[in-house]
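As the structure is a prediction and not an experimental result, all values here were calculated from the model. In each ligand, atom 1 is the first atom listed, and ligand 1 is the first ligand listed.
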Amino acid sequence: MLIITEELELETTDKVEIVEITSNINAAIAESGIRKGLVNIYSKHSTSGVFINENESGLLDDFMDAIQLIVPTNGNFQHNRIDNNADSHLRSFLIGCNETIPFEEAKMSLGTWQSVFFLEFDGPRTRHIKITIIGE
Ligand code: ZN
C-alpha cells in the first residue's frame, strides 16, 4: 500500500464562489502512480467546503440561493463580534471540509453527473487543499 499527499493551491476571486476541482484531483491521482484506492480531499480552512454534486450552472445558482436562505449573510450571529464572518463559518459547518472518493484505473469512480467542488465562503484569498491518495 502506498500513501501520497499533495497540496492544491487555489486563488479564489469572490466572497462566495464554487470552484470545480475534479480534473485537479484526477491529475493528482494520475501523477501519484497509484492505480486503485481512495482519495481524500481536505480543505484546511474553517470558512470553506468540499462537496460532490452536478456541475450545471442553474443548479450551482440554486445551491448559492439555498445557502443564503439557510445562513443569511447579515444574520445576527455572535461570532460577528470577533471578525464579522460568522456566516462563512456556519456555511462551512453545513457543507463539511472534506470528501473521500474511491478511484480505479487512476480516475475517481464518480457517477455520470457527479463533480467535485471547492466552496469558498470567505474569499477572495489563497486556499490550500490537502489531497491524500491511498492505494496500490
Ligand atoms: Zn471567523
- Message: Could you check whether R35 pairs with E105 (Lys NZ or Arg NE/NH1/NH2 to Asp/Glu carboxylate O, under 4.0 Å)?
- Response: yes

- Return the name of the atom in H79, of element N, O or S, nearest to the Zn ion (ligand 1). NE2

- Hey, what's the ring geometry for H79 with H89, parallel, tilted or perpendicular (30° and 60° as the breaks)? perpendicular

- Query: Can you tell me if CD on E11 sees more than 12 non-hydrogen neighbours from other groups inside 6.0 Å?
  - Reply: yes

- Can you tell me if N85 has an N, O or S atom under 2.8 Å away from the Zn ion (ligand 1)? yes

- Straight-line distance of S48 OG to L119 CG, nearest 0.5 Å: 8.0 Å

- Is there an N/O/S atom in D83 that lies less than 2.8 Å from the Zn ion (ligand 1)? yes

